[in-house]
Amino acid sequence: MEIVVTGLGIISAIGKNVAECLGSFEKHKSGVAPVQYLSTRYAGELSVAEVKATNRELANISELPDNLSRSILLSYLAAKEAIASLPENFGDTYRVGFFSGTTVGGMDKTENFFEEYTTDENAGNIEDVKYHDCGKTADHVTKQLGLKGTVTTISTACSSSANTILLGARMITHDQLDIVIAGGVDSLTRFTLNGFKTLQILDPEQCRPLDETRVGLNIGEGAAYIVLMSEKIANELQQEILCKLTGYHNANDSHHQTAMSDDGNGAFLAMQGALNKSNLKPSDISYINMHGTGTRNNDKAEGLAIKKLFDGKYPKLSSTKSFTGHALGASGSIEAVLSVLAIKHEMIFPNFSFSNPMEGLNIIPETKFQKGIKLQHVISNSFGFGGNCSSLIFSKY
Amino acid sequence: MKIFIKGKGIIAPGIGDEIANISDEKRECIEPDYTQFFDSRMLRRMSRIVKLGSTAAIMALRDANVESPDAVIVGTGFGCLEDTSLFLRKMVTNKEEMLNPTPFIFSTHNTVASQIAILLKTHGYNSTYSHRNFSFESALSDAYFLLKENEVKNALVGGIDELTEDSFTLLKRLGFYKKNKAGEGSSFFVLGNDKDENCYAELKSVQMLSNYNIDEIKTKASSFLNEEIDALIIGSNKEEISENDKAIIDALHAEDKIIFYKHLSGEYPTSNAYAFSLAIDLFKNKDVKNTLIYNNYSGTHHSFILLSAC
């Protein structure tokens with residue numbers, strides 16, 4: 001069965017929808033900037049990739065109340081854009097799944113609540129805590145969008161939303177669901193910003209993925225969803241087919257809670273498994289949208305895994321996190337959306353701020369936005385804490 | 001291809017009505033002697049939820065005679081609350097300075113599944129679901145179709161949530177414990193797609209349906225509601241059966257087949273994993289052919305797990 005992609009929705013540091021994000025790439029405009037919206041002592045000091053809007057502004061665009069968690073606002077906007085081409089009430093006729101990935105859910109509300117709660121356990125507005133758990137976001141968004149069906153949430157750190165796409169493909173393959181909206185969301189929080197800061201893997205300036213001089217990542221935020229269905233249903237619903245999802249694989253690095261093994265074994269297994277699933281050879285791959293966080297550890301391990309798998313014959317590659325930042329649980333689906341766009345519109349997304357190749361790897365990412373490049377097969381990589389590694393392969397339809 | 005449950009490892013407030021770790025408000029796990037499972041050096045580095053999860057996982061694997069599973073899939077409603085609270089409290093009181101990274105590292109929801117992978121040195125499929133009261137069903141459903149695909153021969157599936165001081169205080173304020181005592185638990189199972197002497201039950205079907213009212217469910221879930229079942233496991237307590245549970249009982253004519261479990265497990269998002277252990281134990285009675293677990297929350301989210309004798 002051919003699984004196809006028919007819808008995309010995205011909100012990130014470089015735009016509030018697909019068109020805006022594409023425009024930023026075209027203008028070579030990174031979304032990384034000193035903290036502006038998050039309330040933190042590091043405002044103006046650390047560089048992050050925020051969605052350029054306050055909660056109130058997001059609430060206005062989405063016509064939702066502004067006391068919701070930022071994740072709900074972001075998730076709703078991206079999901080709404082993704083399903084825009086589907087007919088009204090598609091859930092009445094078709095079996096629908098909504099799978100969302102996230103790492104901290106409504107932590108933005110919880111951490112504000114804790115300011116008062118830590119001084120008195122009866123203090124603080126307890127309603128704020130209702131947004132905390134990961135599943136609340138998807139439940140709220142599906143209710144708001146009037147989506148009925150199978151709803152679940154995956155939390156595998158930075159590969160969360162890549163894994164929802166895997167799950168969607170499996171549920172369609174097994175004829176359990178007809179249409180799956182898969183993706184994820186994370187909003188920037190003090191919790192994650194401080195967490196990564198204590199791990200000393202933040203670049204206080206614009207990050208430099210794949211560059212020998214890289215010192216760390218920029219945390220980002222956003223949401224993205226893709227709509228998956230069988231080719232048959234896409235035709236039935238007269239949906240434009242953007243590309244196919246041909247390969248996917250989930251493997252575990254099984255090495256360390258936060259660090260990837262030196263040789264990137266988990267990354268290698270994920271990419272190799274995805275190639276096997278799609279019956280493709282490394283030489284069939286036209287472009288890799290790398291996980292490429294900009295940390296010393298990730299980029300070297302991922303680079304070594306790619307070197308081994310491709311036997312040094314690299315396809316075109318880049319890390320778009322240099323534009324969008326690392327949106328943690330949402331990064332997998334943000335990059336899945338970009339991979340689909342790359343195939344559909346025959347374009348390559350550049351790697352911002354690259355100049356020196358990593359020692360011993362000779363990986364030279366694309367540094368310019370290019371159009372008119374026909375791409376047959378694209379790998380999108382997502383790796384996370386806990387060794388959770390997933391790779392997806394999108395192919396031209 | 002049929003899917004079988006081949007092993008279980010349960011750490012819970014009590015097994016059966018007799019031995020229960022019970023206080024006025026809480027039902028906390030009776031924890032095993034962890035030194036039987038790990039050396040002291042390892043134990044010092046493990047958070048409580050990692051101990052609860054890894055130990056129940058090892059118990060399930062030993063029970064199923066499986067050394068290392070092909071897949072590890074965990075469901076947790078709230079994740080690693082102890083470490084999340086620790087980091088949050090320090091962050092707030094220290095005003096974002098002088099923080100220790102360790103609680104942050106172990107606060108991510110996938111910590112239990114990934115620590116199990118590291119412990120067992122397994123590189124296979126690894127996932128963590130965190131979707132409220134359907135976290136365990138989500139993990140179970142994923143394993144079910146992964147096994148059907150024959151990509152793996154066996155899968156370790158667990159449901160785990162810990163009760164902490166902060167979670168108790170906050171969930172009590174939110175009214176989470178109005179009907180049942182606060183609970184926690186770690187229930188792991190080994191599922192496989194070949195039948196051998198280790199077989200508790202066959203997992204026939206798992207389904208989750210969200211944003212439907214109970215009348216819609218009667219049509220949507222008619223395949224479950226037309227089954228001849230010997231037992232129906234529900235999340236209400238004896239004294240106060242919810243409207244949804246009543247409707248399902250009526251549809252199945254199951255008035256005399258109801259099994260309650262929240263008085264044993266206490267209330268927590270993955271308590272359904274504990275219910276699953278009760279369900280598979282029912283098949284020790286050879287007359288039991290089919291059991292159904294119905295779980296629901298918010299009135300509009302419904303799940304069904306159907307089990308049959310091996």
Side-chain angles (χ1 to χ4, degrees), chain A residues 40-42 98 102-103 105 110-111 114-115 117-118 121-122 126 129-130 132-136 138-139 142-143 146-157 163 167 170-171 173-174 176 190-191 194-195 197-199 250-258 265-266 269 384-388, chain B residues 72 76-79 84 87-89 91-93 95-97 99-101 104-111 113-115 117-118 120-135 137-138 141-142 145-146 148-149 169-170 173-174 207-212 216 269 298 300-301:
Chain A
T40 165
R41 75 175 303 136
Y42 301 109
F98 184 89
T102 190
T103 67
T110 312
E111 64 189 18
F114 261 64
E115 298 281 345
Y117 170 72
T118 48
E121 66 173 34
N122 293 310
I126 193 70
V129 182
K130 282 188 174 169
H132 177 80
D133 73 274
C134 288
K136 167 67 181 174
D139 272 2
T142 50
K143 200 172 169 198
L147 291 176
K148 295 176 173 193
T150 302
V151 180
T152 195
T153 303
I154 292 180
S155 196
T156 52
N163 281 326
L167 176 70
R170 188 174 314 115
M171 294 303 270
T173 305
H174 285 277
Q176 296 301 300
R190 288 193 292 285
F191 186 86
N194 281 281
K197 187 166 188 302
T198 62
L199 287 170
N250 161 318
N252 197 283
D253 194 44
S254 190
H255 170 72
H256 185 268
Q257 186 61 27
T258 55
N265 187 33
L269 293 172
F385 276 13
N388 280 129
Chain B
V72 177
T76 176
F78 292 130
T84 304
F87 193 76
L88 257 178
R89 281 180 170 277
M91 183 180 87
V92 167
T93 50
K95 308 223 176 298
E96 302 182 64
E97 279 189 318
L99 299 174
N100 168 8
F104 177 72
I105 290 171
F106 291 104
S107 75
T108 56
H109 287 70
N110 60 341
T111 301
S114 55
Q115 287 295 310
I118 292 171
L120 301 172
K121 299 180 178 61
T122 168
H123 293 280
Y125 187 91
N126 188 292
S127 199
T128 299
Y129 286 85
S130 183
H131 193 79
R132 323 188 98 188
N133 292 26
F134 287 178
S135 303
E137 289 88 323
S138 297
S141 166
D142 192 7
F145 290 108
L146 200 61
K148 286 247 168 189
E149 219 160 81
T169 306
L170 295 173
R173 280 179 67 184
L174 278 168
Q207 194 168 16
M208 295 170 284
L209 293 160
S210 291
N211 298 324
Y212 292 102
E216 291 171 302
S298 303
T300 49
H301 294 57

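Residue numbers begin at 1 in each chain, while the letters A, B, ... track the order of the sequences.
The side-chain heavy atoms of Phe104(B) and Phe385(A), taken from C-beta on, include a pair separated by under 4.5 Å. For the pair Arg89(B)/Tyr117(A), a side-chain contact is recorded, criterion being any heavy-atom separation below 4.5 Å from C-beta on. Contact of the Glu97(B) side chain with the Arg41(A) side chain is registered, since non-hydrogen atoms from C-beta on lie closer than 4.5 Å. Between His255(A) and Ile118(B), every side-chain heavy-atom pair lies at or beyond the 4.5 Å cut-off. In this structure, the side chains of His109(B) and Cys134(A) come closer than 4.5 Å at one or more pairs of heavy atoms. Side-chain contact between Thr110(A) and Leu88(B): present, with at least one pair of heavy atoms (C-beta onward) separated by less than 4.5 Å. Side-chain contact between Arg170(A) and Asp142(B) is present, with at least one heavy-atom pair separated by less than 4.5 Å. Taking the side chain as every heavy atom from C-beta outward, Thr153(A) and Phe134(B) never approach each other to under 4.5 Å.
Using a 4.5 Å cut-off between heavy atoms, Thr103(A) touches chain B through its backbone atoms (N, CA, C, O) alone. Residue Ile126(A) touches chain B through both its backbone and its side chain, counting heavy-atom pairs closer than 4.5 Å. Contacts of Leu120(B) with chain A are absent, with no heavy-atom separation under 4.5 Å from either backbone or side chain. For Ser141(B), the part lying near chain A is the side chain, with the backbone staying farther off; criterion is any non-hydrogen pair under 4.5 Å. In this structure, the portion of Met91(B) lying under 4.5 Å from any heavy atom of chain A is its side chain and not its backbone. With a threshold of 4.5 angstrom between heavy atoms, Thr108(B) approaches chain A through side-chain atoms but not through N, CA, C or O. For a residue to count as touching a neighbouring chain, one of its non-hydrogen atoms must lie under 4.5 Å from one of that chain's; by this rule Tyr129(B) touches chain A with backbone and side chain alike. Using a 4.5 Å cut-off between heavy atoms, Phe145(B) touches chain A through backbone and side chain atoms alike. Contacts between Glu216(B) and chain A at a heavy-atom distance below 4.5 Å involve the side chain alone, from C-beta outward. Neither the backbone nor the side chain of Thr102(A) comes within less than 4.5 Å of any heavy atom of chain B. Heavy-atom distances place the side chain of Leu269(A), and not its backbone, under 4.5 Å from chain B.
Note on Glu96(B) versus Lys197(A): no salt bridge recorded, every NZ/NE/NH1/NH2 to OD/OE distance being 4.0 Å or above.
When each of Thr84(B), Thr76(B), Asn133(B) is checked for heavy-atom pairs under 4.5 Å with chain A, Thr84(B) comes out on top. Ranking Thr258(A), Thr152(A), Leu167(A) against chain B, the residue ahead of the rest is Thr152(A), based on heavy-atom pairs under 4.5 Å. Between chain A and the residues Thr93(B), Thr122(B), Thr300(B), Leu209(B), the largest count of heavy-atom pairs under 4.5 Å involves Thr122(B). Contact count versus chain B (heavy atoms, under 4.5 Å) is highest, among Ala157(A), Ala138(A), Gly195(A), for Gly195(A). Here Ser127(B) is the residue among Ala113(B), Ser127(B), Gly77(B), Ser135(B) with the most heavy-atom pairs under 4.5 Å with chain A.
For the residue pair His123(B) and Asp253(A), no side-chain donor N or O sits within less than 3.5 Å of a side-chain acceptor on the partner. Counting only N and O atoms by type, the side chains of Ser130(B) and Ser155(A) include no donor and acceptor under 3.5 Å apart. Between the side chains of Asp139(A) and His131(B), at least one donor N or O sits under 3.5 Å from an acceptor N or O.
How far NE2 of His174(A) is from CG of Leu146(B): 8.0 Å, rounded to the nearest 0.5 Å. With values rounded to the nearest 0.5 angstrom, Glu121(A) atom CD is found 8.5 Å from Arg173(B) atom CZ. Here His301(B) contributes atom NE2 and Thr150(A) contributes atom OG1; the two are 10.5 Å apart, rounded to the nearest 0.5 Å. Separation of atoms NZ (Lys148(A)) and OG (Ser210(B)) is listed at 11.5 Å; rounding is to 0.5 Å. Going from atom CD1 of Ile105(B) over to atom OG1 of Thr198(A) covers 7.0 Å, rounded to the nearest 0.5 Å.
The side chain to side chain donor-acceptor pair (under 3.5 Å) with Asn110(B) is formed by just one residue from the set Asn252(A), Asn163(A), Asn388(A); it is Asn388(A).
At most 12 non-hydrogen atoms from other residues, nucleotides or ligands lie less than 6.0 angstrom from NZ of Lys143(A).
Between Ser254(A) and Lys121(B), the shortest heavy-atom contact is OG-CA, 3.6 Å.
Judged by distance alone, the side chain of Asn250(A) and the main-chain N or O of Asn126(B) form a donor-acceptor pair under 3.5 Å. With Asn211(B) contributing its side chain and Leu147(A) its backbone, the two residues share a donor-acceptor pair below 3.5 Å.
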